[in-house]
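Right, one structure below, let's go through it.
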Amino acid sequence: MGVTAQSVWDNCLDFIKDNIQPQAYKTWFEPIIAVKLTDNALSIQVPSKFFYEWLEEHYVKILKVSLTKELGETAKLVYIIKMENTYGNKQPFTEKIPSSNRSSVKSQDVDIPFNNKSPELRNPFVIPGIRNVKIESQLNPNYSFENFLEGDSNRLARSAGLAVSAKPGGTSFNPLLVFGGVGLGKTHLAHAIGVDIKDKYPEKTVLYISAEKFTQQYIDAVKKNNRNDFIHFYQIIDVLIIDDVQFFSGKTGTQDVFFHIFNHLHQNGKQVILTSDKAPVDMQDIEQRLLSRFKWGLSAELQTPDFETRVSILKNKLYRDGVEMPEDIIEYVAKNIKTNVRELEGAIISLIAQSSFNKKEITIDLARVIVEKFVKNTKREVSIDYIQKVVSDYFQMDVDTLQSKTRKRHIVQARQLAMFFAKKFTKASLASIGSQIGKRDHATVLHACKTVDNLSSTDKQFRKYVEDISKKLSV
Ligand code: ADP
Ligand code: MG
């Protein structure tokens with residue numbers, strides 16, 4: 001005889017393969033397992049309910065044609081949904097769903113219904129229940145390459161971005177990782193690549209998402225037992241842009257799921273674009289296997305722009321806003337605000353606002369007042385509370401732990417760093433710093449400051465902590 005579930009399905013696959021895109025075939029048909037053939041009904045196993053719905057929505061015709069060719073008019077198709085379980089229970093659970101040609105199928109037993117209360121997560125960007133498979137890119141069209149001014153500080157990253165958008169997935173820059181400090185244009189550049197790809201390849205599915213939102217979606221998916229749907233959603237994307245991947249630090253579940261999605265996309269020639277506030281070598285609490293993936297492609301740094309670039313960024317901004325400003329004032333602002341581009345833009349915006357609200361002419365004096373205020377304003381936000389928050393976030397502990405009486409080395413170090421920065425960035429006295437950071441006395445604070453000084457000149461890792469936290473505090 002020789003007609004088995006496998007042989008029937010293999011023949012169907014041959015037919016299907018000739019009739020759909022290779023990519024779609026790989027994504028939607030290769031993972032299917034032929035399970036059994038009884039009473040002219042072929043049972044196939046699919047990895048999720050989402051998968052099953054996708055097949056029904058997009059491939060039901062070709063499935064029917066191919067199966068009828070093999071088994072005749074009475075052919076039936078039964079889906080078995082087999083999910084890898086994401087909660088404690090080790091038992092995989094299955095559900096059998098008869099295919100669309102329901103009329104010809106006797107009602108099937110549903111072994112274990114899953115997820116029958118909450119609507120499943122199909123596209124995390126679409127309100128559940130609404131059948132919509134079109135994926136919005138979540139891109140901001142204002143963040144274009146045109147508006148991303150070139151300078152020495154960003155040339156490599158910008159050109160790599162352009163190369164990627166000309167041939168998404170087709171360069172060795174996969175993944176492309178753009179890294180650099182706060183406000184230096186990572187998010188802007190990431191969008192620009194996406195916007196340009198959408199423009200050149202409208203049929204490609206591009207998705208921009210922050211690592212934070214991705215994590216949240218993943219947590220929700222796990223809660224609702226929809227982990228597989230989540231994975232499938234991300235696996236069908238052609239160009240995946242994830243912003244601020246340092247957010248994945250310490251989040252092993254999210255790292256794990258991202259690892260699988262990344263591998264799938266990479267293997268299928270899809271483009272991945274990532275941004276981070278640090279280079280892969282400096283990332284903490286990111287699994288080694290993920291870090292090694294980050295290094296497969298290109299890591300390109302965005303550095304602080306030099307004076308000329310700052311001037312041209314300002315001019316471009318003014319031009320787009322239709323505002324005229326004397327050259328010397330632009331230069332004054334560019335000379336005095338160098339830490340990051342967002343601050344630079346902020347200063348010029350308040351300058352424009354001040355002059356138009358108060359009907360004052362934009363003069364160098366007004367610029368001086370504003371720049372000074374602007375710089376002061378950003379400085380004033382640094383309070384001892386804020387410093388403790390930043391330091392404890394950095395070490396992923398809470399403020400209570402930082403203040404506690406424990407003598408555990410890493411907690412003591414965090415506490416000493418908080419004291420050191422409180423001394424450095426505020427005008428508070430040693431005694432006042434001590435009383436605010438875990439009710440210590442002034443001698444303890446003094447000792448802390450000395451220890452930090454010593455350690456940062458002798459211990460490379462420790463110096464790194466100081467630099468990192470310093471950067472966070474001077475934003
Ligand atoms: P990051 O994500 O690195 O913190 P953003 O991408 O949010 O920084 O950039 C901060 C602001 O600076 C944005 O408004 C962005 O448009 C602007 N910006 C940064 N770099 C440039 C550049 N090279 N040309 C024009 N604008 C820039
Ligand atoms: Mg950003």
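Residues: numbered from 1 along the sequence shown. These values consider heavy atoms only, across backbone and side chains, with no hydrogens, waters or symmetry-generated copies. Atoms within a ligand are numbered from 1 in the order they appear, just like the ligands themselves.
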T309 to D152 - nearest heavy-atom pair and separation: OG1-N, 4.4 Å

Hey, can you tell me if F395 and Y465 have their rings parallel, tilted or perpendicular (30° and 60° cut-offs)? perpendicular

Would you mind checking if R310 and E343 are paired as a salt bridge, meaning a charged N to carboxylate O distance below 4.0 Å? no

Would the distance check show the side chain of R227 and the main-chain N or O of Y218 forming a donor-acceptor pair, the cut-off being under 3.5 Å? no

Between the side chains of D243 and S210, is a donor N or O closer than 3.5 angstrom to an acceptor N or O? no

If you measure only the distance, is there a donor-acceptor pair under 3.5 Å linking the side chains of S432 and Q436? yes

Please examine the side chains of L240 and Y208, heavy atoms only from C-beta on, and report whether any two atoms are closer than 4.5 Å. no

Mind jotting down which protein residues get a heavy-atom contact under 4.0 Å with ligand 1? Chain and number order, please. Y143, N147, F148, L149, N154, G181, V182, G183, L184, G185, K186, T187, H188, I313, V341, R342, E345

Contacts of D468 meeting salt bridge (charged side-chain N to carboxylate O under 4.0 Å, His left out) (sequence neighbours excluded), chain-then-number -> K464

Excluding waters, which are neither shown nor counted, protein N/O/S atoms under 2.8 Å from the Mg ion (ligand 2) come to 1

All side-chain contact (heavy atoms from CB on, under 4.5 Å) counterparts of P141, not counting sequence neighbours: none

